[in-house]
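First up is the structure itself, then whatever we jot down about it.
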Amino acid sequence: MSETFSELYAQLPRGKRSPRNAVLLGLLVLRADKAASAVDSNAISAELKLRLGKAAPGNVPDVLRKAIPRVECTRVAKSGLRWHLTRTGVDELRSYGLQVSQEKAAPPARSFDVAIVCALHSPELHEVLNAFGGESKWQSQPDFGQTHIYKSIDVPLSGAPPLSVVAGAPTHMGLTATAIISTQMLLMFRPRLIVMVGIAAGTKASGRNYGDILVANPSVDYASGKIAVVDGVETFQPDPFPLPVDSRLHTLVQEDRRTREGLDEIAGTWGGARPRTSLNIHIGALGAADQVVDSEKRILDIKKNWRKLIGVEMETYALYRAAHEAPRPKPLYVSFKSVCDFAAAKDDAWQEYAAFTAAQYCRRFLLKNWSVLSA
């Protein structure tokens, strides 16, 4: 379907621009034309408010119930009711002169427990695929015309249903590209948790070394703010809107940091050269901006506003913001990025090792804690 909601709504005869038909069109443009691609009423409401503003129907669940059999609902465990357009609904829209095709709709095949986003295909996404058994174990998600390529896998869990994971990488590095892929994955795959995995520049501090895992709590857009002249001096006044992670996630990571369970094993399974230091976890403010930082002075400037800054990178804040503003039910979100350099005299020597430790810790964290996070 190439037409937008606005174009289709404009084609409706004025006497047919009812709340019911607006909801039918909403389901159509959300590609919810089959039970497998059904969406909840919150997603429909968000779409209609975006397109119609104050003219959007006020009680979408009531409109949906009265629209049966043009729509149908299915109950999804722990997710409530989800709705989809039926053949009767498509035929009714066609009766108004709209050129719509149910067969061309492209719903995602399924929802997932976890979505993983990596800034780069290599080495970051490559190491994520390896951490969960190797790329040959992953399945390619159906191509519905989206820009990105997605891989999925079902990971066995002891005494529980398999953990379903989908992973992908954006077309470019940076906040904008990450916001785009994160939003698309949230809307297509409806994950309960979305995770950023990869590499970052660490800040120099006692005990922080190559390969150490940085957990962003909070993530900070350190370049957001106002540049003003104060007493004749140009000054940056930050306005970062920090985003924290869920308290449960923080507690679980904090326990891993305390016990160091599995960290030596992760480091020991790396097949190449590795630092002589122990692998550790650091929790704190991780700064994000569309800047590759190769300057100690720049780090010191950022730390004037964030004294306990643990590192800088270019993606996490975009993923956190996309999840923070996602339709209900909102997913949990977290970032595992490992230190590949210290934002000065940059080189690629430790990138693969850092991508490896981040991916391996992500896998261990999910397998160990999913029963708690999914409760």
Same apolar cluster (I L V M F W Y, side chains within < 4.5 Å links), Phe336/Val165: yes
Results of salt bridge (Lys or Arg N to Asp or Glu O under 4.0 Å) for Arg51 - residues two or more places apart only: Glu47
Heavy-atom side-chain proximity of Glu255 to Thr259 below 4.5 angstrom: yes
ILVMFWY network linking Ile149 to Leu129, side-chain heavy atoms under 4.5 angstrom: no
Exercise: do Asn130 and His126 side chains pair donor with acceptor under 3.5 Å: yes
Side chain Thr88, main chain Arg70, donor-acceptor under 3.5 Å: no
Thr86 (side chain) donor-acceptor with Glu72 (main chain) under 3.5 angstrom: no
Neighbour count above 12 (heavy atom, 6.0 Å) for Glu352 CD: no
Note, Arg65 side chain near Trp83 side chain (heavy atom, < 4.5 Å): yes
Parallel, tilted or perpendicular: rings of Phe356 and Tyr353 (30°, 60°): parallel
Pairwise side-chain contact, Cys340 with Asp348, heavy-atom cut-off 4.5 Å (strictly under): no
Residue pair Val195 / Tyr333, side-chain heavy-atom distance below 4.5 Å: no
Close side-chain approach of Thr203 and Phe342, heavy atoms under 4.5 Å: no
Ile199 with Ile283, same ILVMFWY side-chain cluster at under 4.5 Å: no
Heavy atoms from other residues, nucleotides or ligands near NZ of Lys49 exceed 12 (cutoff 6.0 Å): no
Leu163 and Phe112, any side-chain heavy atoms less than 4.5 Å apart: no
Pairwise side-chain contact, Leu48 with Ile44, heavy-atom cut-off 4.5 Å (strictly under): yes
Smallest separation among heavy atoms of Pro162 and Asp154, with atom names: CB-CB, 4.0 Å
Closest non-hydrogen atom pair between Cys73 and Leu81, with its separation: SG-CD2, 4.3 Å
Verify same cluster id: Leu243, Ile180 (apolar side-chain graph, 4.5 Å): no
Ignoring hydrogens and angles, write down the donor-acceptor pairs under 3.5 Å from the side chains of residues 366-373, residues two or more places apart or on other chains.
from	atom 1	to	atom 2	distance (Å)
Lys368	NZ	Asp256	OD1	2.7
Lys368	NZ	Glu261	OE1	3.2
Asn369	ND2	Phe365	O	3.0

Thr357 and Ser338: side chain donor to acceptor below 3.5 Å: yes
Donor + acceptor pair across side chains of Lys337, Thr316 (<3.5 Å): no
Any donor-acceptor N/O pair, Glu124 side chain to His121 backbone, under 3.5 Å: no
Asp113 and Ser164: side chain donor to acceptor below 3.5 Å: yes
Ser37 side chain vs Arg31 backbone, donor-acceptor pair below 3.5 Å: yes
Non-hydrogen side-chain atoms of Gln139 and Lys151 separated by less than 4.5 Å: no
Neighbour count >12 (heavy atoms, 6.0 Å) for atom CG, Leu50: yes
Minimum heavy-atom distance between Cys118 and Met196, given as atom pair plus value: C-CE, 3.9 Å
Arg17 to Tyr9, cation-pi by 6.0 Å centre distance and 45° axis angle: yes
For the student: nearest non-hydrogen atoms of Asp212 and Ser278, plus distance: OD1-O, 3.5 Å
Aromatic ring proximity, centroids under 6.0 angstrom, Tyr150 and Phe189: yes
Heavy-atom pair with the smallest gap, counting every atom of Arg260 and Asn280: NE-OD1, 3.0 Å
Nearest heavy atoms of His172 and Ala177, plus distance in Å: O-CB, 3.1 Å
